[in-house]
Novice: 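Input: one structure, supplied below.
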Amino acid sequence: MRAFALMLVLSFAGQLQAKPYQQQWLDAELVVDVAVPAQQWQQQLPKLQQWLATQQQSYLEPTRELQQQWQQRCEQLRQQLLNGVSCRLGSAVQQWQQAVQAKQLPDRVALRQHSRQLNKLPATDPQILWHYSGIARAELAQQLTAQLQLLWPDANSFQLKLAGLSWYQGAEQVMQLGETGLQQLRARQLFLAESELTPGYQVAHRTYSAVLNPADGWPVEYGPQATVAAADLVQAWALAQSLAVLAPQQGLQLANQLQSAALLHTEQGQLQASAPWYAMLADPSQQHSQQMQIRYLLPELPGEARRPYLSLWLADEQQQLVRQLEVSGVQQRWWQELRHWWRKQARQAPEQFDSLAGATHKAGWQQLRWDGRNLSGEVVPAGRYWLHLEIAREHGGHQHLKWPLDWQPSLAAQQHKISGELSAIEWQLAD
């Protein structure tokens, strides 16, 4: 494990204003605010300094027992989070560090093969070079929260920030994480982590992310920025890193399964969140939304007709995109066959639909659910909208259909029979 240098800033919110205490420690800036009187702060500060010094020594020169604890926790998280986070990346990190020095990228094919092989090995295999810096920092921050409460049990509030990790405990308040309503949470206690999509490796005048994908050892380039609220800082850190690696829909599905609050911010500025995140929002009107179930039937066509490319989206009265509901077909060069959708919605920024694009469907009923929110994750108000479906297939035809949707709490179920590339579509409010 490599050595770190950390800038530590300790202060308090009390009767007097104290000068910040600073020292070098663990490769990041740590900020701690404890709401206590000045006398209590000064009495306990030496104990905190001693604790930090002890922790610094143990983390810079970890015992075998401590490394085994990190390894066990990291392996549990790797399994739980679909290999979105891993401590098995020591050799990949070394290759990228060497690439920075040599000013030449690693061999991508060889790195991918090496990473896949590492993922298959048992944890006891000596070929694995463990890299603990991320989980070690998260473990440290979690232990520090307990230490602060032990030293100042009567404090009115605590706040901690360390390299994308933060913790708040005190009176219920609105936590301002950004400018939108979906970035404002109300909480009495909050363990929060952000994915570490910061510049990490500069090779040949190009900068690559510090987050490596465990599947291939390559830096994450287009992953969403993730913010996670969880039961502790280690869980929050691990899920935040995983959400930066996994496809957005897969990541949100995982967060919902784990009942974890997560917010994804894509490069195109779209916000998507898991259900537990919405439940924590400061604005009650945004906590819950009406949802709709949609089903459509693809016919079995004779001859050489291939599986269709398809786009399903919701637009407002001015035909501006409200929410893209589905894109089936992953090769962008064929998206232009969906002529109306391509011209009106996708041509200017097709990359914003990459995360939604999935495999084409075979004949039969297909089903999906709309969560009643727009591209920014906000609840869509009642009113008139248009549901669009466009479909095109090789050795087949092309069809663009649209239906008015009067979005309201008493939305009536609808069914439409169709001929051609689509046989039927129906929708109703979801349970």
Novice: Side chains of Ser91 and His114 only: does a donor on one sit below 3.5 Å from an acceptor on the other?
Specialist: yes

Novice: If we ignore hydrogens and angles and just use 3.5 Å, is the side chain of Gln44 paired with the main-chain N or O of Leu151 as donor and acceptor?
Specialist: yes

Novice: State which residues pass ring-ring contact (aromatic ring centres under 6.0 Å, His included) with Phe158; sequence neighbours excluded, sorted by chain then number.
Specialist: Trp167

Novice: Check whether any side-chain N or O of Asp232 sits under 3.5 Å from a backbone N or O of Gln235 as a donor-acceptor pair, and report yes or no.
Specialist: yes

Novice: Quick check: does any side chain N or O of Ser328 sit under 3.5 Å from a backbone N or O of Leu310, one acting as donor and the other as acceptor?
Specialist: yes

Novice: Arg73: what forms a side-chain hydrogen bond (donor to acceptor under 3.5 Å, both in side chains) with it, not counting sequence neighbours?
Specialist: none

Novice: Mind checking ring-ring contact (aromatic ring centres under 6.0 Å, His included) for Trp218 and listing every partner two or more places apart, or none if nothing turns up?
Specialist: Trp96

Novice: Indicate yes or no: does Glu221 engage Arg206 in a salt bridge with an N to O separation below 4.0 Å.
Specialist: yes

Novice: Restricting to side-chain hydrogen bond (donor to acceptor under 3.5 Å, both in side chains), what partner residues turn up for Gln95, sequence neighbours left out?
Specialist: none

Novice: Please say which of Glu179, Gln176, Gln286 ends up in a side chain to side chain donor-acceptor pair (under 3.5 Å) with Gln184.
Specialist: Gln176

Novice: I'd like to check the side-chain hydrogen bond (donor to acceptor under 3.5 Å, both in side chains) partners of Ser311; sequence neighbours left out, ordered by chain and number.
Specialist: Gln324, Trp341

Novice: Gln250: what forms a side-chain contact (heavy atoms from CB on, under 4.5 Å) with it, not counting sequence neighbours?
Specialist: Leu82, Leu246, Ala247

Novice: Under 6.0 Å from the ring centre and within 45 degrees of the ring axis: does the NZ or CZ of Arg137 meet both conditions for the six-membered ring of Tyr59?
Specialist: no

Novice: Side chains of Gln428 and Gln293: do they bring a donor and an acceptor to under 3.5 Å?
Specialist: no

Novice: Checking side-chain polar atoms at under 3.5 Å, does Glu139 have a donor or acceptor matched by the opposite partner on Tyr132?
Specialist: no

Novice: Got a sec, which pairs hit salt bridge (charged side-chain N to carboxylate O under 4.0 Å, His left out) with one end in residues 240-264, sequence neighbours left out?
Specialist: none

Novice: Does any pair with a residue in residues 142-181 pass disulfide bond (SG atoms under 2.5 Å apart), and if so which ones, sequence neighbours excluded?
Specialist: none

Novice: Under 4.0 Å between a side-chain nitrogen and a carboxylate oxygen: does that hold for Arg393 and Glu421?
Specialist: yes

Novice: I need the single residue from Lys161, Gln189, Gln159, Gln173 that forms a side chain to side chain donor-acceptor pair (under 3.5 Å) with Tyr168. Which is it?
Specialist: Gln173

Novice: Would Gln225 and Ser195 count as having a side-chain donor-acceptor pair, cut-off 3.5 Å?
Specialist: yes

Novice: To the nearest 0.5 angstrom, please state how far the OG atom of Ser260 sits from the CG atom of Leu254.
Specialist: 7.5 Å

Novice: Using salt bridge (Lys or Arg N to Asp or Glu O under 4.0 Å) as the criterion, list what pairs up with Arg307, not counting sequence neighbours.
Specialist: none

Novice: When you measure from the side chain of Ser86 to the backbone N and O of Asn83, does any donor-acceptor pair fall under 3.5 Å?
Specialist: no

Novice: Return yes if a side-chain donor-acceptor contact under 3.5 Å exists between Glu61 and Gln57, otherwise no.
Specialist: yes

Novice: Can Gln183 and Thr180 be counted as having a side-chain donor-acceptor contact under 3.5 angstrom?
Specialist: yes

Novice: Classify the side-chain pair Gln149/Gln169 by whether it contains a donor and acceptor separated by less than 3.5 Å.
Specialist: yes

Novice: Strictly below 4.0 Å, N to O, side chains only: are Arg88 and Glu75 in salt-bridge contact?
Specialist: yes

Novice: Counting the benzene-type ring for Trp, do Trp370 and Trp313 have ring centres under 6.0 Å apart?
Specialist: no

Novice: Who pairs with Trp334 by side-chain contact (heavy atoms from CB on, under 4.5 Å), at least two apart in sequence or on another chain?
Specialist: Tyr309, Gln331, Glu337

Novice: What pairs of residues pass the disulfide bond (SG atoms under 2.5 Å apart) test when at least one of them lies in residues 29-124, not counting sequence neighbours?
Specialist: Cys74-Cys87

Novice: So does Gly217 get a backbone contact from the side chain of Ser115, meaning a donor-acceptor N/O pair under 3.5 Å?
Specialist: yes

Novice: Under the side-chain hydrogen bond (donor to acceptor under 3.5 Å, both in side chains) test, which residues partner Ser285, sequence neighbours left out?
Specialist: Asp283

Novice: Just by modelled atom types, is the Gln408 backbone N or O under 3.5 Å from a matching donor or acceptor in the Gln290 side chain?
Specialist: yes

